[in-house]
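Proteins come first, then strands; the chains are lettered A, B, ... in the order of their sequence lines, and each starts at number 1. Fair warning: this is a prediction, and the values are worked out from it, not measured in the lab.
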Protein chains: 2
Amino acid sequence: MLLAREEAIVAAVNRLLAEKGFDAMTVDAVAAEVGIAKASLYKHFRSKEELAAAAMIRVLDRALAQIDLLGADAGADPVAQLRAMTRWTMQLQLAGEMPSLPAQNSALRTALTSNKVYLDRLMLVSERLGEWIRAGQLSGRLDPGVPPEVVLYTMFARACDPVLNILKASANFSDEQIVEILLSTCFDGLHGRSQANAVRAIRAS
Amino acid sequence: MLLAREEAIVAAVNRLLAEKGFDAMTVDAVAAEVGIAKASLYKHFRSKEELAAAAMIRVLDRALAQIDLLGADAGADPVAQLRAMTRWTMQLQLAGEMPSLPAQNSALRTALTSNKVYLDRLMLVSERLGEWIRAGQLSGRLDPGVPPEVVLYTMFARACDPVLNILKASANFSDEQIVEILLSTCFDGLHGRSQANAVRAIRAS
DNA sequence: GTCTATACACAGATAGAC
DNA sequence: GTCTATCTGTGTATAGAC
């Protein structure tokens with residue numbers, strides 16, 4: 001019962017973080033969404049920052065589950081797997097389920113960098129993706145000139161890419177189109193997929 | 001004298017927006033940095049949002065000046081010009097002079113979308129870059145499959161790319177290296193510049 | 001147009017009864 | 001553990017004298 005209640009709290013936090021962001025999310029709003037008193041929240045979590053950390057841990061766990069799913073196929077192409085994870089991330093954002101935290105809030109940063117569980121999950125995700133990145137660079141399908149951690153951070157950054165929300169707000173593209181366009185700009189660059197395809201075709205011949 | 005005072009105010013706002021972001025920037029801090037009383041600020045600007053808008057107008061004017069500089073060379077390659085503007089943007093951020101606004105603050109959004117001067121400058125920048133984008137796509141050096149506005153937004157997004165600050169904080173790369181790496185991932189993608197260069201070499205032969 | 005002092009609102013966190 | 005009621009700090013904005 002306690003765990004179910006806490007899951008309901010974290011789910012509400014997750015949704016509100018996605019909709020409003022950390023600064024604009026109020027603890028009152030969380031309490032209202034869960035349907036309990038604000039003071040009751042503080043019996044489960046000691047601060048607003050801890051609420052946010054719990055939401056981040058939850059989403060990292062979902063990411064790990066997705067990684068496991070993709071990793072089950074032993075013969076899969078690592079770059080295709082990285083692309084699939086980036087797609088998953090964007091779809092989560094489009095669905096309004098990706099919590100967004102400010103990069104500059106120092107109280108929040110302190111809370112996160114001293115949260116063992118959060119750091120542990122973050123490292124797990126990084127290591128799993130790191131293996132695919134290394135394999136992709138060895139095969140030459142990822143630019144070996146880009147440091148592996150830059151590839152990792154670039155993928156993480158897709159989770160909060162403002163371009164996605166701008167395109168959604170413009171209402172000129174379907175969600176599927178947005179995802180495909182941004183996957184293209186991320187992996188193939190603005191210079192274009194035509195060039196990457198051309199190289200692939202030439203190498204294949 | 002009045003204009004000089006207001007320029008000092010906006011410069012302080014610009015710096016604090018770059019350092020802390022809009023939410024964490026307090027009007028008290030602005031007043032302290034300028035060295036005047038808070039109430040005096042409100043004689044020049046009617047709200048915190050108006051302060052932020054003034055800072056954004058200022059940076060858009062700097063961008064327009066840079067565009068003019070690059071546009072003076074009539075025979076220049078449009079894609080090289082777009083790349084140069086993206087580089088300029090990143091260097092501004094690395095120098096701590098790029099104001100950062102939250103995408104989700106609605107009071108701020110309202111103030112900006114009803115600010116004629118701001119909208120005018122934003123449209124000017126967009127149109128100037130838009131011409132280069134169109135030319136780049138016609139020449140085939142920019143992927144014609146990516147909608148022009150997506151190219152534009154993607155470039156704008158480089159101004160607040162979190163990857164840049166993460167790399168700077170990691171202290172593994174010089175500022176110049178960071179800029180070159182991110183230019184590569186932006187224009188050539190994670191698949192790599194080697195492919196784009198290969199295509200260029202093949203086409204040239 | 002600059003100052004000191006203050007009004008006002010809001011949000012994070014807690015007290016204490018049940 | 002849940003509630004109501006409250007404390008406390010902080011930040012935007014203003015009043016009013018000079």
Determine the contact category for T26(B): base if any of its heavy atoms lies under 4.0 Å from a base atom, sugar-phosphate if only primed atoms, P, OP1 or OP2 are that close, otherwise nothing.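 Sugar-phosphate, no base atom in range.
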
Have a look at M25(B) and say if it touches a base, only the backbone sugar-phosphate, or nothing, with a 4.0 Å heavy-atom cut-off.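 The residue M25(B) makes sugar-phosphate contact but no base contact.
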
Please determine if a side-chain N or O atom of S40(B) lies less than 4.0 Å away from the OP1 or OP2 oxygen of dG1(C).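 For S40(B), the contact criterion (side-chain N or O under 4.0 Å from OP1 or OP2 of dG1(C)) is not met.
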
For [X] and [Y], indicate whether the former's side chain and the latter's backbone hold a donor-acceptor pair under 3.5 Å.
X	Y	answer
K48(A)	F22(A)	yes
R15(B)	A11(B)	no
S40(B)	I36(B)	no
H191(A)	D143(B)	no

Tell me the interatomic distance from [X], atom [atom1], to [N], atom [atom2], rounded to whole angstroms.
X	N	atom1	atom2	answer
I9(B)	dG1(C)	CD1	C1'	11 Å
D28(A)	dA9(C)	CG	P	16 Å
L41(B)	dT12(D)	CG	P	11 Å
E50(A)	dT14(C)	CD	P	11 Å
D23(B)	dT10(D)	CG	C1'	14 Å
K20(A)	dC10(C)	NZ	C1'	14 Å
H44(B)	dG1(C)	NE2	P	7 Å

Filter on side-chain hydrogen bond (donor to acceptor under 3.5 Å, both in side chains), then keep only pairs touching residues 60-74 of chain A, sequence neighbours left out; what's left?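 Qualifying pairs, neighbours excluded: D61(A)-R121(A), R62(A)-E97(A), D68(A)-R128(A).
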
Can you list every side-chain hydrogen bond (donor to acceptor under 3.5 Å, both in side chains) pair that touches residues 162-172 of chain A, not counting sequence neighbours?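 Every pair satisfying side-chain hydrogen bond (donor to acceptor under 3.5 Å, both in side chains) with a residue in residues 162-172 of chain A: K168(A)-D175(A).
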
Letter per nucleotide, 5' to 3', of nucleotides 13-18 of chain D [B base touched, S only sugar-phosphate touched, - untouched; heavy atoms, 4.0 Å]: BBB---

